[in-house]
Structures are given as structure tokens and as C-alpha cells.
Protein chains: 2
Amino acid sequence: MASLSDSASANHSPDDIEALPASAADQVLLYLALNTMKVGGHRYGAFLDAAATAAKFSIYSTYLEQGRNLRKTGFLYHVEPKRVRVIVKEVEAALEEGKALKTLASQEPYYLVGLPHLWQEQYPWKQGTSRIDWNGLLASEKEELEASLPDNLPQARLLNAFEFDELIVLLHTQSQIDLPSERRISLSDAMSEHIKFRLLHSGTVMPVESPLLKIPFYVLTRTTYAPRGERERVFAMIQDVARFFQLLQDWVAEKPGVMRILEVFDIAPADKDAALKELDVMLKSWADKYHKDGGFNMILQMAVGNRRGE
Amino acid sequence: MASLSDSASANHSPDDIEALPASAADQVLLYLALNTMKVGGHRYGAFLDAAATAAKFSIYSTYLEQGRNLRKTGFLYHVEPKRVRVIVKEVEAALEEGKALKTLASQEPYYLVGLPHLWQEQYPWKQGTSRIDWNGLLASEKEELEASLPDNLPQARLLNAFEFDELIVLLHTQSQIDLPSERRISLSDAMSEHIKFRLLHSGTVMPVESPLLKIPFYVLTRTTYAPRGERERVFAMIQDVARFFQLLQDWVAEKPGVMRILEVFDIAPADKDAALKELDVMLKSWADKYHKDGGFNMILQMAVGNRRGE
DNA sequence: CTCAGCGGGAGGTCCCCTCAC
DNA sequence: GTGAGGGGACCTCCCGCTGAG
């Protein structure tokens, strides 16, 4: 069973997603999970909570449609009336008192995005001084170490392991100031390690290793948390999908002024680039032609590309 | 607090969704939940399970990328290695042995979609005979009752309350034949009532009320489960969103031959219809112009409509 | 029929610990 | 470091029951 070829034989790629016998809705969930968790850095539990919140809102919506009837709503979704009541209270508290539900809120969790700012604020570095604030080294040793660091570092000094830990505690505290007191959670070791691992994994923070140092030091490498270069594109993608979904909602409701277009076609490989460019120009000139300031607000979302399956 | 105007003051509409401080990812989750649960008829728990499955797959994907390292994967998503191991086993069993994960699978749950077929199979009706198979009525009374039924009924006779219950038990059994034995659940009363309520709520089944009948009878009104007329449109919408998401995945990965277009513009109300029609024709002729059988498989997804916010 | 309450059980998310390789 | 095992807390979902209006 366990052999050297294990890692090869079980080399499932992301393409497996499309091979799974999943419905369209399942696929959307999957793409969402992959992007928010892998790229966005959200916790497993955070995604589950966000999905539950969406489902709860759906229940609440039906509850209103059914004339605030707990039992009917419960039957429709196979939920106990008791539980429906709790859900309704939760949603209403959120809508009326502005209490936050458990959502994904920002593209990345605050405890990851907030670190660069907090680090620079708490441990600033001034031009001309050493980034290493530790008396155990000679000036020459400090210079040697600093020379080994990456270029274009933010205005922040290095931290030793203890300071880094303290900073993460502070970061966690800061990330919870918006939460009601009953939902605030003290930072567990597991959570702390999760945050540290994420920061190092993304390259936002890098360990500084040297025989000169007795304990590990850490350096802030960027002013933003960015797991990959794809970050902005993923963000744009999710917003596009949300808007696309919204537009199709209107189409389903048969609202006027909404159009859905689906074109399936084959194209000669040599023509592909020219065709796409022509399409781009065509749409821009179309939008320009009809554009009129102060008119009806419109938006067009489109994606063209390789068709799979069949 | 509790007043007569409560139902009015709390008359939140679906538009509230957009007013919520939700991120794009949260909005997508919300739209998904609303459509699969309200229109699709999926249970609350089924949606949660499907979301969990997507997240599990995401974990599994990372697990492979990290060289099958339980601990690292756990740190990345704040999950215990022990739990990661269970999740990995679950996903691998699904991929390799074809065991079904808990997904939304079909647009509607099988126990709703399958009913019309099962009813017609188990309790068929032949032209010329009475749809009411009960000796407690005179022939004239049967005719009178049948005359009160809707037109265009499927080839199935009426059921009394007991037969209806039995049919639901059978339906539940049938819906579980694909599941491994350990995941099969016996039909609980709550579940049974949920299914009955859904069927009646959607109009697929209608109660037959008459002073002539001592116990309730039920009639099958359609050959397909269809909660609303929007059914096909919602189905198409979710597929569109999934494909759109897939296309943008390629765009994020900077694969060649993929294009994303976002046009924001205003339009004079009088021009709107003409502009949309022009766009439709324009795209079709563009696709026709470049279409070449046997060429590179392409697909274009587009939605235009009212822009909100701002 | 609706709403209300009280049980129990299973499973999942979290927390922490030790021990062998 | 990693895998594997132990413990326990808490919550949610799911099931069943009874009683008050």
C-alpha cells in the first residue's frame, strides 16, 4: 500500500474538481472555498460559519414570507421551530442593532491583513539606525546581518521570537475590538501558531537565520499581506462573480433591462487572439456609443474562454 | 416593542441583502443559499453539508500541495492534524472508491423530484376507471369528486393519507439506495413531515377536501416537481455562475485565450431596449463570423443590467 | 394548530496533553 | 518536526416527548 509512488499515484490536481460528479451549485461552492481559503487565508471554521450565516439569512427570508410562522419555516427547511426562533433572533439583531454575523467580511482575515501596519507602528525603524535592536551583537555583525536581508524592506525593525509572539497577541486583540464582548475569544496556542504559520507561509514575514543569533529573529518583508501575486485578480474575480450573480437574479425575476447571453462556438486557433481583441474593441465602442451621463446606471459583465467538458 | 405594525416594520425584502455589510464572497454564498434552499427545496442541513464538503476538498487540495503533510495543512487552516486526517480519508474514499460526499448533487433533492414518477408507477390510473379507489363512496359521488379536480392530471390515482405516507417512506428508501449503508438514515417523523410540506407547498401534490371523505385524500397534479415557474431559469442561472467562475479561474491563472470584460456606463432610458438588442445581434454575428467547426472550444458568458450601489 | 418547554444522542469544532519515529 | 494517540469543553443538528393557549 504505502510505496514510494504514493505521492505520484495520488497526484490529484485542481482539475479533479471538474471531474467530480458535482452540480453547478457544488462547483460554485468549491471555487469559493478554494479561493477564500487558499488564497484569501480564511480559516476552515470561518468558511463554515459564513456558509451557515448565508443559510440562516435564507431561513429568515422565508420566515418573513410565511408571515413570521416558525413552524412552517421549520418544515420547509427541515429545521426545528426552536432553532428557527434562535436564527431569526440572530438575524434581526444583526439587521436592527448592527451586530455582526459571522461572515468572511474582508477578503482576508483582519489578523493577517493588519499585521504589517501594526508592526510598523509598534516597532518603527528610522533611516540610519540599525534594524536589529539587540545588544548581543557587535556593530559589524549587525551590518553583516542587515546586508543579508531582502531589499525594499518596510520601515520596521526586526523582532525576536518573543516580540513576534507579543505582536501576534496584540494583533489578535486588535482584530476583536469590533466584536461584541461575548464573542471575543482569548488567543489560543493553536490559533497563534496558525497565524504565525500563515504569515511565514505567505512570505509577509521571513525568519532570519544566522549562527550569530541565539534565538530566531523575524523580518517584515512587505507593507501588505499578499500570499501570492494573484491576490488582486482573485479579489476582482469574486467581485465579478457576485455582480454576475446579482445581474442574473434580475434576469430570473424577469426584470426589464436585463439580458443574459451565452454563446457556444469553436474558433480556429490562429484567429483566437484577433477575435478576442475585436470583441473587446466592439464592446467598448458599443458602450461609448450609448453612454449618456446621468442616464440609467448599467453594468456589463463578461467572460470568454476555453469551454470544457462534453 | 411588539405592536401591530411589527410585520410592516420588519418587512425586510431580499434587497436587504445588498444593504448588508457583506463582502463579495458573502454575497455569492447568500445568493447560492437563497436559490438552492428557497427555489431548489434543499434542506438547511444539506446546504451546510455541501459547504463543508467544498471546504474539505479545499483542505485536501492543500494537503497534496504540502506533500501530504497533515500538520502543515492543519496550521494553514487552523484545523487539528487529527481532523485533517479524517477529512483526507473522506475525500480520498470519494475520489477513489466513488463514495458520495454530501453535496447538493441535483438541483432539487431526489426525494422531491422522484415523487411524481414513483406515484405513477406505484398507483397508476387507467383511462375509463375512477381515480378514487375507495369503496366508501357511490359511483355518483366519485364522479362528483373527480369533476372538482384540476385538469390535465398525470396518470395516477388519488391516495388517502395512509397511502400517501407509505409512498413517502418508499420515496425515502429509494433516495438512499445510492448511499453506503452506514450513511443511510431511517425516515424520521420530522423528515417525513418536511417532505410532505414541501410537496404540498410547491403544489406538486394537492389535498382533496370534501365532506364526503372521512380522511384526507391527495392528488398528484404534475409529472415534475416544480416549486415555481422560475425553476428552469434558476437552474440556468446557477450553471451560468459556475461556468463564469470557471472562466475567471483561468483568467486569474493568466491562461491564454481568456478574456474578462467589465463595462460600466449610463444609458438613456429610451435607448435601452435598442442598445441591448444591438448588443445581442452584434455578439451573435461576431461568434458566427469566427466560428469554425472542429476549432478550439470556446464559450462566452455575459450579463448586462441595472447597476446598483454608489 | 401554534407555540412552548424539556429530554437525549451524535458529530463537529475547538482546546490541551503525551509519546514514538 | 511529524504522526498518532489520549483527554475534555462546547455547540449544533437531529430525534423524540409533553403541555399551554
Side-chain angles (χ1 to χ4, degrees), chain A residues 1-2 6-7 37 42-56 59 63 66-90 101-102 172 182-197 200-201 207 209 216, chain B residues 2 37 42-56 59 63 66-91 101-102 172 182-197 200-201 207 209 216:
Chain A
M1 287 296 273
D6 253 357
S7 62
M37 289 174 61
H42 278 287
R43 299 182 311 109
Y44 173 59
F47 183 79
L48 298 185
D49 284 344
T53 298
K56 285 174 183 174
I59 287 180
Y63 171 70
Q66 296 297 319
R68 304 192 146 259
N69 186 317
L70 292 172
R71 189 169 280 246
K72 276 188 188 170
T73 309
F75 277 144
L76 280 173
Y77 297 129
H78 192 213
V79 186
E80 291 187 13
K82 184 167 52 173
R83 181 89 188 107
V84 175
R85 196 176 64 242
V86 175
I87 290 172
V88 165
K89 275 185 187 165
E90 230 181 284
L101 290 169
K102 289 184 181 177
H172 179 261
E182 72 270 15
R183 272 246 301 281
R184 277 180 213 167
I185 306 166
S186 63
L187 182 64
S188 66
D189 289 351
M191 186 67 169
S192 172
E193 285 194 88
H194 158 67
I195 298 176
K196 242 191 283 184
F197 195 91
L200 292 169
H201 179 78
E209 286 165 14
Chain B
M37 290 174 61
H42 278 288
R43 300 180 310 109
Y44 174 56
F47 183 79
L48 298 185
D49 285 342
T53 298
K56 286 173 183 174
I59 286 180
Y63 172 70
Q66 296 298 317
R68 303 191 146 259
N69 186 317
L70 293 172
R71 190 172 282 243
K72 276 187 188 169
T73 309
F75 277 143
L76 280 173
Y77 296 128
H78 190 216
V79 186
E80 290 191 11
K82 193 167 35 174
R83 181 86 187 109
V84 175
R85 196 176 66 239
V86 174
I87 290 172
V88 166
K89 276 185 187 164
E90 231 180 285
V91 176
L101 290 169
K102 291 185 180 176
H172 179 260
E182 72 270 16
R183 274 247 301 283
R184 279 181 211 165
I185 306 167
S186 62
L187 182 64
S188 67
D189 288 352
M191 187 65 168
S192 170
E193 283 194 89
H194 159 67
I195 298 176
K196 243 191 282 184
F197 195 91
L200 292 169
H201 180 78
E209 286 166 15

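Below, chain A is the first sequence line, B the second, and so on; all start at residue 1. Owing to the predicted nature of the structure, the values given are computational and were not obtained by experimental measurement.
- The side chain of A:H194 places no N or O atom within less than 4.0 Å of a non-bridging phosphate oxygen (OP1 or OP2) of C:dC15.
- For A:K72, counting side-chain heavy atoms from C-beta on, the closest listed nucleotide (C:dT2, D:dA4, C:dC14) is C:dT2.
- Residue B:K102 contributes atom NZ, which lies 11 Å from atom C1' of C:dA10 at whole-angstrom precision.
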Any protein N or O atoms within reach of nucleotides 7-11 of chain D? Criterion: under 3.5 Å, listing atom names and distances.
from	atom 1	to	atom 2	distance (Å)
D:dG7	O6	B:K82	NZ	3.3

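- As rounded to whole Å, 7 Å separates atom C1' of D:dC14 from atom NE2 of A:H78.
- Here C:dC3 is the nucleotide among C:dC3, D:dC15, D:dG3 with the atom lying nearest to any side-chain atom of A:N69.
- For A:L76 and C:dT2, the CG to P distance is 12 Å, given to the nearest whole Å.
- At whole-Å resolution of the value, OH in B:Y77 and C1' in C:dC14 are 19 Å apart.
- A:Y77 meets the side-chain hydrogen bond (donor to acceptor under 3.5 Å, both in side chains) test with A:T62; sequence neighbours excluded.
- Taken to the nearest 0.5 Å, the CD1 atom of A:I87 stands 12.0 Å off from the OH atom of A:Y63.
- When the nucleotides D:dG5, D:dG3, C:dG5 are ranked by their closest atom to the side chain of B:R85, D:dG5 comes out on top.
- Rounded to an integer number of Å, the gap from A:M191 CE to C:dC15 P is 7 Å.
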Taking N or O atoms only and anything under 3.5 Å, show me the protein contacts with nucleotides 17-21 of chain C, one pair per line.
none

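- The side chain of B:R68 places no N or O atom within less than 4.0 Å of a non-bridging phosphate oxygen (OP1 or OP2) of D:dG3.
- We find that OH of A:Y44 is positioned 15 Å from P of C:dC15, with the value rounded to whole Å.
- Evaluation of the ring-ring contact (aromatic ring centres under 6.0 Å, His included) rule for B:H78 yields A:H194 as partners, not counting sequence neighbours.
- For B:F197, the side-chain contact (heavy atoms from CB on, under 4.5 Å) partners at least two apart in sequence or on another chain are A:K72, A:F75, A:L76, B:H201.
- Backbone-only engagement by B:L48 is indicated by non-hydrogen atom pairs under 4.0 Å involving sugar-phosphate atoms exclusively.
- Residues A:V79 and A:T73 fail the side-chain proximity criterion, which asks for heavy atoms closer than 4.5 Å.
- Under the rule for a side-chain hydrogen bond (donor to acceptor under 3.5 Å, both in side chains), the partners of A:K196 that lie at least two apart in sequence or sit in another chain are A:D165.
- In terms of heavy-atom proximity, B:L48 sits nearest to A:A52 at CD2-CA, 3.5 Å.
- Residue-to-nucleotide proximity on DNA chain D shows that, of B:A46 and A:F197, the 5′-proximal contact is made by A:F197.
- You'll find that the side chain of B:L70 is closest to D:dA4, out of D:dC14, D:dA4, C:dC14.
- B:D49 places its CG atom 13 Å from the C1' atom of C:dA10, with the value rounded to the nearest Å.
- Put simply, B:S188 has a side-chain N or O that comes within less than 4.0 Å of OP1 or OP2 on D:dC15.
- Here the NZ-NZ distance, from A:K56 to A:K102, works out to 7.0 Å after rounding to the nearest 0.5 Å.
- Going from atom CZ of B:F47 over to atom P of D:dC14 covers 14 Å, rounded to whole Å.
- Across every non-hydrogen atom of A:P81 and A:R71, the tightest pair is CG-CA, 4.2 Å.
- In this structure, A:I87 and B:Y63 both approach DNA chain D, and ranking their closest nucleotides by distance from the 5' end singles out B:Y63.
- Rounding to the nearest 0.5 Å places CD of A:E193 at 10.5 Å from CG of A:L187.
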